[in-house]
Protein chains: 2
Amino acid sequence: MSWSSQEVRLAERPRGRPDASTWEIATTEVPEPGPGELVVRVDLLSLDPAMRGWLNDVRSYIPPVGIGEVMRAFATGEVVASQHEDFAVGDPVSGSFGVREHALSDGKGVTRLDLDVAPPATWLGALGMPGMTAWFGLQDVGRVRPGDTVLVSAAAGAVGSVVAQIAKAKGCRVIGVAGGPDKVAWLRDLGLDEVIDRREGDLVRQVRRAAPDGIDVYFDNVGGELLDAALANLARGARVVICGAISSYNESSLPEGPRRYMSLLVFRATMQGFVVFDYEDRYAEGVAGICELIAADRLVATETVLEGGVAGFPDALLGLFDGVNTGKLLLKV
Amino acid sequence: MSWSSQEVRLAERPRGRPDASTWEIATTEVPEPGPGELVVRVDLLSLDPAMRGWLNDVRSYIPPVGIGEVMRAFATGEVVASQHEDFAVGDPVSGSFGVREHALSDGKGVTRLDLDVAPPATWLGALGMPGMTAWFGLQDVGRVRPGDTVLVSAAAGAVGSVVAQIAKAKGCRVIGVAGGPDKVAWLRDLGLDEVIDRREGDLVRQVRRAAPDGIDVYFDNVGGELLDAALANLARGARVVICGAISSYNESSLPEGPRRYMSLLVFRATMQGFVVFDYEDRYAEGVAGICELIAADRLVATETVLEGGVAGFPDALLGLFDGVNTGKLLLKV
């Protein structure tokens, strides 16, 4: 037996925004698993800003996706065949299965999901990589303390929405930044203290108004103008957590840097980057912590699920950069 | 009795590079000290890159010098009259006396110098603010460890030359960056492992060649292109110490920021700013540490002393930005 599997491959490295020429959609046959292998039927694909970086042929924290290779993606699915001792047919699993309908795997990096704890979508969101990014980035890198004023960019996004809610639960004053009235309203409903609509401009002034005593922790997912606005409004001893820079991922040349970086000196502040994979051996701690917040009704795990199957991946990825999502963006296979 | 005293006042805030219109040179009479006061004859003025920042009317770590006020400057001199119980006529002292020939002081921030330990010039250099900046910046902020590869900018300058020598004494591999063959030769004589002449260009490549395994600590006094070259060549877990940005102090608008700041994420690195004044209560520790290195012939305290008196201050300050000095730049009054 074998499985017909549509998949999305990287055809050409994009300069700037990916387009039709970036991808090739093909169909292959996935064979029966050999000893120590399993086959997963992929149900939900995770769309992550980091994906854009994986398309660039540069030295980074992870090797780029190769030309002709299936696009790397985290996903959930169900085991449909197994010769692997840890997995049985019917097991719900997550892993880096790629943008494909069926994946042959040796079980490395594959996790069996406890659906009593949360549905698969949440295992890709608040309990997945974005949630872990929020948990360790805010606490281990940002060293957040009760009473801190915390500014969160892309606060309606997969990582930002979890960061904002953890910070609230920790007793911080939380200011979220998002684009457009719907997201702003949604963040107000989540209980944030202040919400800034970045589309209203003059971010330096908007941040100053929301945080007149300065920002203790800035959790940066976006870079660009907002990073400068945050730097202009730090409190003494502030921590700037560099998690991402989605505003520039589709630029074809290196964007301008943060012009106000000398604020780090003026405010004796720290800017620190991190990669969530470094915390892999502590994910259980992060999952437990976030589950506890969910159970206590202090954290709402939110996902936006697009239809369209594997072939819908190119558009879904662009949707991420256009901000179509509230919470985690997923694509149903 | 009173003392005729020439002084340099801030006449006008410079845009860009200071010029004749920036300063007013005047002569006043300094009166006899009242109770709790002393008068100091200023002998040596310290020229510091930070002075340029003190001329800007912006919120910073210290208030700007006011229009019409005497220019702020660290200096050494001798007590010529005293009604202060801690100071006697003839005492050698240092303090923030300003650009003037005689200073009336209430004794705050004034330190009696032990000339058996070092001459006044060294008390403004390796044992003064630049030395303390190097000591605490490299160790407390940079968290330098034996075996680290340390990159030092403006390595022939007042701070950089001390940073480089402390790092060597700590068992680091030290790469210095300076401008021109004389400084490069001088730094080689100091025992640095590699010296880069920034005037030879292509800093990314020069740094990569000198540090093929990456930089653990970058001590940044200059900002600009070299900061980006350092960011492009970090080792994992690197610390970037933001001490200054002399390359941009005379820019009339905010210069470009470090375009490669996302290297902080890729390399899990930290960029941290600091202000030496925060370590004031630990200066004794720093002085003792540097004295020990000097006594063990592991650190050479170097100064460049200009003639010209108080009226020579405007030119001497520009000399600092033109890099006329090796080690600490001083002006003889």
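Proteins come first, then strands; the chains are lettered A, B, ... in the order of their sequence lines, and each starts at number 1.
In this structure, B/Glu256 CD and A/Tyr261 OH are separated by 11.5 Å, a value rounded to the nearest 0.5 Å.
Inter-residue side-chain proximity for B/Phe274 and A/Leu265 is flagged as unmet; no heavy-atom pair is nearer than 4.5 Å. Contact annotation: the side chain of A/Leu264 never approaches that of B/Gln272 to less than 4.5 Å [non-hydrogen atoms, C-beta and beyond]. You'll find the side chain of B/Arg239 stays beyond 4.5 Å of the side chain of A/Thr270, heavy atoms only. You'll find the side chain of A/Asp278 reaches within 4.5 Å of the side chain of B/Arg236, heavy atoms only.
At distances below 3.5 Å, at least one donor-acceptor pair connects side-chain atoms of A/Arg259 with backbone N or O atoms of B/Leu254.
For A/Arg205, the CZ atom counts as loosely surrounded, since its 6.0 Å shell holds 12 or fewer non-hydrogen atoms of other residues, nucleotides or ligands. By the 6.0 Å contact criterion, CZ on A/Arg15 is open, its count of non-hydrogen atoms from other residues, nucleotides or ligands being 12 or less.
At a 4.5 Å heavy-atom cutoff, A/Ile62 makes no contact with chain B through either its backbone or its side chain. The parts of A/Ala245 that come within reach of chain B are both its backbone and its side chain, each placing non-hydrogen atoms under 4.5 angstrom from that chain. Within the 4.5 angstrom heavy-atom criterion, only backbone atoms of A/Pro255 (N, CA, C, O) approach chain B. Proximity to chain B is absent for every atom of A/Ala238, based on heavy atoms less than 4.5 angstrom apart.
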